[in-house]
Amino acid sequence: MLTLPDQISTTWMMNGIALFLAKHLLADFILQTKWMALGKERVQGWLVPLTIHAAVHGALTTAIFVTLAPPLAWIGAVDFAIHFAIDRSKAIIQQHYALTTTTTGFWWLLGTDQTLHHITHLVFAIILATSQTL
């Protein structure tokens, strides 16, 4: 069973949060092409754009863990799966309710999507910080 140590380094926790926030900005906005952004939202033909988008997230998370906690590099694959599931769920809900940027529900859904990604990254930052105290 995974247990947290009595103390977690504040420095590592803050560094981890900053790293994963920067990683999210890079993967979700700077490196996400129009093809990925629009393609992953389609009713058909969404698999390849979404897979590539989620793979960018997984690769960057892998890079963080390879650099700072190599035995935990496998968490990149976890990030891929979680990001894929969150984004696909968002697309399905968006399509089901015909949400567009002119509807309030679109913005609630986008906010929920981003919050789930940030919660994921907070957990990764805790794991990273915990690995540095062992």
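Summarising the geometry, atom NZ belonging to Lys90 is positioned 10.0 Å from atom CD belonging to Gln95; distances are rounded to the nearest 0.5 Å. Annotation: the span from His83 atom NE2 to Leu50 atom CG amounts to 7.5 Å, rounded to 0.5 Å. From Phe29, atom CZ reaches atom NE2 of His24 across 5.0 Å, with rounding to the nearest 0.5 Å. Between the CZ atom of Arg88 and the CD atom of Glu41 there is a distance of 8.5 Å, given to the nearest 0.5 Å. A distance of 11.5 Å separates CG in Asn15 from CD1 in Ile64, rounded to the nearest 0.5 Å. Expressed to the nearest 0.5 Å, how far OG1 of Thr112 lies from NE2 of His117 amounts to 11.0 Å.
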### Task
Check step by step if side-chain contact (heavy atoms from CB on, under 4.5 Å) holds for Leu122 and Met13.
CA-CA 9 Å; Leu122 179 59; Met13 194 63 207; 3.7 Å; yes
### Query
For Leu38 and Arg42, what are the C-alpha separation, side-chain angles and deciding distance, and is it a side-chain contact (heavy atoms from CB on, under 4.5 Å)?
CA-CA 7 Å; Leu38 296 177; Arg42 286 187 251 160; 5.8 Å; no
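Of all non-hydrogen atoms in Pro70 and Val66, the two that sit nearest each other are CG-O, 3.2 Å. Smallest separation of non-hydrogen atoms from Gly16 and Ala125: C-CB, 3.6 Å. Nearest approach of Ala129 to Ser9, heavy atoms of both residues: CB-O, 4.4 Å.
The aromatic rings of His121 and His57 sit parallel, their planes meeting at an angle under 30°, below the 60° perpendicular limit. Relative orientation of the Phe65 and Phe20 rings is tilted, given thresholds of 30° and 60° on the angle between their planes.
Contact check on Asp87 versus Lys40 returns a salt bridge, with a Lys/Arg side-chain nitrogen under 4.0 Å from an Asp/Glu carboxylate oxygen.
Tracing side-chain contacts under 4.5 Å through hydrophobic residues (I, L, V, M, F, W, Y), one reaches Val78 starting from Leu116; they form part of the same cluster. In the hydrophobic cluster analysis, where Ile, Leu, Val, Met, Phe, Trp and Tyr join through side-chain heavy atoms closer than 4.5 angstrom, Phe80 is grouped apart from Phe124. Criterion: ILVMFWY side-chain heavy atoms under 4.5 Å apart, direct or through other members. Under it, Ile86 and Val123 are part of a common hydrophobic cluster. Met36 and Val48 fall within a single hydrophobic cluster, where Ile, Leu, Val, Met, Phe, Trp and Tyr side chains are chained together by heavy-atom contacts under 4.5 Å. Following chains of ILVMFWY side-chain contacts shorter than 4.5 Å, one cannot reach Val43 starting from Trp46, and the two form parts of different hydrophobic clusters.
Contact of the Trp74 side chain with the Thr62 side chain is not registered, since no non-hydrogen atoms from C-beta on lie closer than 4.5 Å. A 4.5 Å side-chain heavy-atom check between Thr10 and Met14 finds at least one atom pair inside the cut-off. Inter-residue side-chain proximity for Gln114 and Asp28 is flagged as met; some heavy-atom pair is nearer than 4.5 Å. Contact annotation: the side chain of Ile52 never approaches that of Gln32 to less than 4.5 Å [non-hydrogen atoms, C-beta and beyond].
Side chain of Gln132 to backbone of Leu68: a donor-acceptor contact under 3.5 angstrom is found. Using modelled atom types, one side-chain atom of Thr51 and one backbone atom of Leu47 make a donor-acceptor pair closer than 3.5 Å. The closest donor-acceptor contact from the side chain of Thr61 to the backbone of Gly58 lies at 3.5 Å or more, if one exists at all. Between the side chain of Gln94 and the backbone N or O of Gly105 there is no donor-acceptor pair closer than 3.5 Å.
Within 6.0 Å of atom CH2 in Trp35, more than 12 heavy atoms from other residues, nucleotides or ligands are found, so the atom counts as buried in its surroundings.
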